[in-house]
Amino acid sequence: MQKVYTRIDSIAGNVITVRAEGVRNGDLAVVTSAHGESLANVIKLNHDVVSLQVFSGARGISTGDKVRFLGVPMRVSYSDDLLGRIFNGAGKPRDNGPELTENLIEIGGPSVNPAKRIIPRNMIRTGIPMIDLFNTLVESQKLPIFSVSGEPYNEVLARIAMQAEVDLIILGGMGLKYDDYLYFRDTLEESGAKNRTIFFVHTASDPTVECLLVPDISLAVAEQFALDGKKVLVLLTDMTNFADSMKEIAITMEQVPSNRGYPGDLYSSLASRYEKAVDFEGAGSVTILAATTMPGDDVTHPVPDNTGYITEGQFYLRHGRIEPFGSLSRLKQQVNSDTRDDHRALMDGMIKLYASYKEALEKKAMGFQMSEWDEKLLKYGEMFEDKMMDLSVNIPLEEALDLGWKILAACFEPRESGIRSELIQRYWPEELT
Amino acid sequence: MAERYGLVTGVDGNMVSVEFEGDIFQNEVGFILVGDQRLKSEVIRITGKSASLQVFEMTGGIGVGDKVEFSGEMLSVELGPGLLTQIYDGLQNPLPQLAAQCGFFLQRGVYLKPIPDKEWRFTPVAKKGDKVIAGSTLGTVPEGIFSHKIMVPFDLPKGNWVVESIKKEGSYNVRDEIATISDGKGGKRSLSMVFSWPIKRPITAYVERLQPREPLIIQSRPIDTFFPVAKGGTYCIPGPFGAGKTVLQHMTSRNAAVDIVIIAACGERAGEVVETLKEFPELLDPRTGRTLMERTIIVCNTSSMPVAAREASVYTGVTIAEYYRQMGLDVLLLADSTSRWAQAMREMSGRLEEIPGEEAFPAYLESVIASFYERAGLVVLQDGSQGSVTIGGTVSPAGGNFEEPVTQATLKVVGAFHGLSRERSDARKYPAIDPLESWSKYPSPINYDKVEWARDLLFRANEVSQMMKVVGEEGTSLDDYLLYLKGELLDDVYLQQNSYDEIDSACPLDRQVLVFDLLFKVLGSKFKLGSKREARSFINDLRQMFIDWNGTARDDKNFEKYEKEINHLIDEKFIEYERQVAKIVEG
Ligand SMILES: Nc1ncnc2c1ncn2[C@@H]1O[C@H](COP(=O)(O)OP(=O)(O)O)[C@@H](O)[C@H]1O
Ligand SMILES: [Mg+2]
C-alpha cells in the first residue's frame with residue numbers, strides 16, 4: 001500500500017518538503033489539499049527530507065495536507081488518441097475530451113546515441129526567401145526564432161507549420177497568451193490540420209511548474225511518434241518562459257545562480273530538450289521550431305545566448321522581417337548543394353553586399369557625399385529589403401534565386417558582385433548586362 | 001581493502017551524498033547500485049564519514065539507502081592498440097558498440113570494453129634481460145598506417161626492472177600476456193598490450209620538453225600565414241555562437257598535417273559529430289591514401305549527455321593524445337568547446353556550495369585550464385625521437401564577450417589566439433577570424449618580413465577606413481583610398497576562405513606561398529591610377545581574378561592562365577614598389 005504522509009515540513013515558492021522514506025529521485029506524488037489534488041515530483045533528497053515541486057503550485061497548501069508517493073516518475077499516455085487533443089503541461093485534458101491513461105511512456109528520457117544519428121538531408125520548403133534561399137530549414141533541425149514581444153513570431157511559426165510537409169504537429173505552449181493559444185487553435189482548425197495536431201498548452205495564467213513540464217511532455221510524445229515512422233514538427237513557444245520557470249525553481253532551491261539569476265545548468269537543461277530533434281535511421285524525425293523572446297531585445301541575455309549555442313541556427317525576427325544578420329541555419333549546407341548550383345554563391349554573395357549596403361547607409365546618415373559605388377549599394381539594399389525580406393513574399397526557392405540574380409543585375413556590374421565568373425556567365429541576366 | 005562500501009544519503013541533481021565505511025580516496029570511482037544498474041560516479045569531496053560523488057549518469061530513480069561500491073581506482077582510460085577509428089563517450093564507452101547492444105538510446109549503467117578484444121600481430125623489440133623503465137618499447141603491432149608501440153605501463157615505479165620473458169613474433173589477443181618483468185627484489189609484473197592510466201594525470205615518460213617551433217600546417221590561409229599553429233603548441237578559438245568555431249575545427253581535423261587527430265566534442269551538438277563520423281570513413285587523406293577515419297579518434301560527450309562525463313571527456317581525449325605521442329607521433333587534440341567543460345566544473349562547484357568566483361565559476365578555474373593546456377608539448381622520447389601533442393580549443397564566451405573568465409584564463413596560457421568576430425560572420429566573411437585582434441607567438445612558414453608588412457597594412461587600411469567614417473570618402477586622399485582598397489582586397493581574397501568550396505576550402509602551403517607572393521606585389525606597389533573610381537575598378541578586377549584563381553584546382557588548365565592574367569593586370573599599372581617593400585623583395 002502506498003503510504004500517505006500528512007505532515008508538510010516546509011513550503012517555499014512551489015516547493016514543499018516532507019519527511020519520508022523509500023522515495024526515489026524524480027518520483028511522482030499526489031498532494032491533496034483543500035483546493036483539490038495536484039501532482040508533484042521529487043527534485044531533491046537529503047536523508048529523509050524530500051523536496052517536491054508541486055505542479056499546480058504551492059499556493060494555499062497547508063502543512064497538514066496529504067502527500068502520497070506513486071513510486072513512478074512522470075509519464076504521459078501515448079497513442080493515436082492524442083491526435084486533435086489539447087492538454088495542459090501535466091498532461092491533463094484542457095478540452096472536454098476524456099483523460100488518457102493507457103500506454104504510459106516516461107518523459108525526459110535518455111538521449112539518442114550519437115552513433116545512431118544520421119546526417120539530415122531533407123529541405124523543408126517554406127516559400128520565404130529569407131529562409132529557403134539564405135538560411136534553409138532542414139528536417140530534424142532545431143531552430144528558434146529570436147524576437148521580442150509584439151513581433152509576429154507565432155504567426156511565422158504557424159505559417160511554417162502549415163507549409164511544411166509533416167505528418168504531425170505538436171504545439172508546446174509556455175506562458176502562452178490566451179489569444180495566441182486561440183490563434184494557433186483556430187489557424188490549425190481552419191486549415192484542416194487539427195486532427196494531426198496535439199497541443200500541450202500552458203497559458204500565462206497557469207501554474208509555473210506546469211510550464212516546466214511542457215517541453216519534456218511534448219518531446220516525449222514527438223519522439224515516440226518519430227520512432228513509429230512519423231515526421232513530427234514540434235513548435236515550442238516561448239522558451240524564455242520555460243527558462244524563467246527554471247530560474248524560479250532554482251532560486252527557491254537556493255542554488256548558486258551563474259548569470260542574472262539563472263542556474264548554472266541553464267545550458268544543459270535547454271540542450272537536453274533541443275537535442276531531442278533527430279532524424280532516426282529507418283524511422284521518422286523530430287524537427288523543433290521554437291520562439292525565444294529576448295528580454296530587453298538583448299541577444300546577449302542568458303536565455304537567447306545559451307540557446308544560440310545549442311540550436312542549429314536561429315531566425316532573427318525584427319520589424320516584421322527576418323533579418324539577414326544574425327539569422328543562421330547551420331544545416332543549410334547539408335541541402336543547398338543539391339538545390340541549384342548557384343544557390344551557395346548567391347546566398348553568400350548577396351549577404352556580403354547587403355553588409356556593404358549597411359555601411360553605405362551609415363555614411364549617408366552621417367551626411368557624407370555618396371560615391372557612385374555607394375549609390376549602387378543603396379539601390380541594392382532597398383531592392384533587397386523590398387523583394388526578398390518582406391514577409392509577404394511567398395515564392396519557391398528557384399524563383400527566389402532568379403530574383404536574386406535580377407536584383408544583382410539591376411544594381412551592379414558582374415565583377416562587382418564578388419561571385420565567380422563561371423557562375424556569372426551562366427546566370428547573369430543577359431538583357432541587363 | 002575489505003568492506004569498502006557506502007549508502008546513499010542524498011541526491012541533488014547529478015550529485016549524490018554517501019556515508020561510507022572503511023577508507024576511500026579522492027577521485028575514486030564508485031558505483032551506485034540502483035535496481036540492477038550500476039551507475040558510475042566519482043568521489044569529489046570527503047568530509048569525515050560522508051562523501052560527495054558526481055554521477056556520470058542521469059540520477060532519476062536513485063533513492064536514500066542505495067548501496068555504493070568503491071572500485072579502488074581513479075577515473076582511467078584503457079590504452080593499447082585498437083583506439084584509432086573509435087568513437088567514445090567521455091568515459092571511453094564505445095558508442096557504436098553501445099548502439100549495437102542498446103539501440104537508438106543511450107542506456108545508463110552499461111559500460112563496454114573500450115579496447116576491443118582482438119588479435120594483433122606482435123613483433124618483439126625488447127629481449128629477455130633488457131633493462132626497462134616506464135614507457136620502454138616492448139614490441140610493435142601494425143595499427144592501420146602506424147607501427148603501434150607496445151610499451152611498459154607508465155605507472156611502473158623506478159627500479160632495476162628487466163624483461164624476464166617476452167613472446168615471440170605472432171598473433172596475440174590484446175589482453176594476453178606478452179611479457180613479464182621483474183625488479184630483482186621480488187617485484188614482478190605481467191604485461192599485456194593494454195594498460196590503464198588515470199585521465200587527470202599527465203603522462204611524463206619522456207626525456208625532455210622542447211620549445212614548439214615547427215609550423216603545423218592546417219591549410220587555412222589566415223591561420224597558416226598570419227596566425228600559425230606549431231607542433232606541440234596550443235591555441236584557442238573564442239567566438240560567439242554561429243561565428244564558425246566548429247566549422248574551423250572540422251576543417252582542421254581534415255586538413256591538418258599531423259599523424260593523428262583526436263576530436264573531443266565536449267558538450268556541443270550531437271549532429272556535428274555525426275558529420276565527422278559519417279564522412280571520415282569515406283574521405284581519403286591525400287597524405288596517406290587511407291581514409292581520414294584511420295587517423296582519427298572521436299571522444300564525444302554531447303550537450304544532452306550527462307554533465308559530469310562531459311568534464312571527463314577532454315581529459316580522456318588528452319590522455320589518449322599523450323599515449324600516441326609516446327610513439328613518436330604528432331597528435332592534434334581539438335576540443336570543442338572548452339567552455340562546456342568549464343561550465344560542467346561550475347555546475348559541480350555550485351552543488352558543492354563552494355565560494356563562487358567571477359560569473360560563479362570556481363576559484364580554481366584558471367589553474368585547471370592552465371594545467372590542461374600544459375599537457376600539450378613537443379617532447380624528446382627515450383629513443384631520441386620526438387612526439388608532440390598540439391591542443392586547439394574553442395571557447396564559447398557568454399554573450400560573445402571575450403572579457404569573461406574562461407576566455408581570459410585561456411588567453412593567458414595559449415600560444416595563438418584566433419578570435420572570431422560576430423561582425424565578420426554576419427557579413428559572411430568566413431572564417432571570421434578577426435585579423436586585427438588575433439595573434440600567434442609561433443613563427444609563420446611564410447617570409448616573416450612580408451607577413452609582418454602585410455599585417456601592418458591591414459592596420460593602416462583599417463585606420464583609413466575609420467577615418468573615412470569621420471571625413472567621408474571625399475575627405476580621403478587617393479593614396480589613402482587605395483590603401484583602404486588594398487586592405488579590403490587582402491581580406492576578400494586571402495583572409496576569407498569558403499569551407500564549402502571544394503577547392504578553396506583547403507589551401508596547401510605551396511599554394512599559399514604562390515598566392516601570397518602575388519598578392520604581396522599588389523599590396524606593396526604604387527600604381528598608375530588617376531581617380532578613386534579608377535582605383536576601385538582596378539581592385540575590383542583584381543579581386544575577381546583572385547577569386548576565380550582561388551576556386552581553380554592546381555591541375556586545371558586555367559590555373560596558370562589566371563596567374564598570368566593577374567600578373568599582366570598588375571604590370572599594366574605598376575609604377576614601382578614602395579620603399580620598404582623594395583627592400584624586402586630585394587632581400
Ligand atoms: N569557413 C566557413 N565557410 C563557410 N561557411 C562557414 C564557415 N564557417 C562557418 N560557416 C557558416 O556558419 C555556420 C556556423 O558555424 P559554426 O562553426 O557551427 O559556428 P560556432 O561553432 O562558432 O557556433 C556554419 O553552419 C556555416 O553555415
Ligand atoms: Mg560550434
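The model shown is predicted, which means the values in this text are computed figures rather than measured ones. Chain letters run A, B, ... following the sequence lines, proteins first, then strands; residues in each count from 1.
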Which region of [X], side chain (C-beta onward) or backbone (N, CA, C, O), has a non-hydrogen atom less than 4.5 Å from a non-hydrogen atom of chain B, or is it both or neither?
X	answer
Leu270(A)	neither
Asp374(A)	side chain
Pro304(A)	backbone
Gln369(A)	both

What is the minimum heavy-atom distance between [X] and [Y], and which atoms define it?
X	Y	answer
Thr302(B)	Pro114(A)	OG1-CG, 4.3 Å
Arg269(B)	Gly308(A)	NH2-O, 3.5 Å
Ser268(A)	Arg310(B)	OG-NH2, 3.2 Å
Leu227(A)	Phe104(B)	CD2-CD1, 3.7 Å
Arg344(A)	Tyr500(B)	NH1-O, 3.0 Å

What I'd like to find out is whether the side chain of Glu372(A) reaches to under 4.5 Å of the side chain of Arg536(B), using heavy atoms alone.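 Not touching, per the 4.5 Å side-chain cut-off.
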
Which donor-acceptor pairs under 3.5 Å do side chains of residues 350-357 of chain A form with protein atoms, sequence neighbours excluded?
unit_1, atom_1, unit_2, atom_2, d
Lys352(A), NZ, Gln496(B), OE1, 3.0
Tyr354(A), OH, Glu385(A), OE2, 2.6
Ser356(A), OG, Lys352(A), O, 3.4

When heavy-atom pairs shorter than 4.5 Å are enumerated against chain A, which of [options] gives the highest number?
options	result
Arg340(B), Glu275(B), Glu473(B), Glu19(B)	Arg340(B)
Met545(B), Arg346(B), Gln544(B)	Gln544(B)
Ser304(B), Gly60(B), Gly242(B)	Ser304(B)
Gly10(B), Ser396(B), Pro96(B)	Ser396(B)
Gly400(B), Gly350(B), Ala427(B)	Ala427(B)
Leu98(B), Val247(B), Asn401(B), Asp541(B)	Asp541(B)

Check whether [X] reaches the backbone of [Y] with its side chain - one donor and one acceptor, N or O, closer than 3.5 Å.
X	Y	answer
Asp305(A)	Gly399(B)	yes
Glu275(A)	Ala270(B)	yes
Asn25(A)	Thr59(B)	yes
Tyr309(A)	Pro397(B)	yes

What distance separates Leu266(A) CG from Gln343(B) CD, expressed to the nearest 0.5 Å? 9.0 Å

Got a second to check how far Glu323(A)'s CD is from Asp426(B)'s CG, nearest 0.5 Å? 10.0 Å

Apply side chain to side chain contact (heavy atoms under 4.5 Å, CB included) to Asp504(B) and list each qualifying residue two or more places apart in sequence or on a separate chain.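 Scan of Asp504(B) (side chain to side chain contact (heavy atoms under 4.5 Å, CB included), adjacent residues dropped) gives Arg420(A), Arg221(B), Gln497(B), Asn498(B), Asp501(B), Asn550(B).
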
Given a strict heavy-atom distance threshold of 4.5 Å, which part of Ser537(B) is in contact with chain A: side chain, backbone, both, or neither?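 Both backbone and side chain.
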
Turns out that what part of Leu95(B) lies under 4.5 Å from chain A's heavy atoms comes down to both

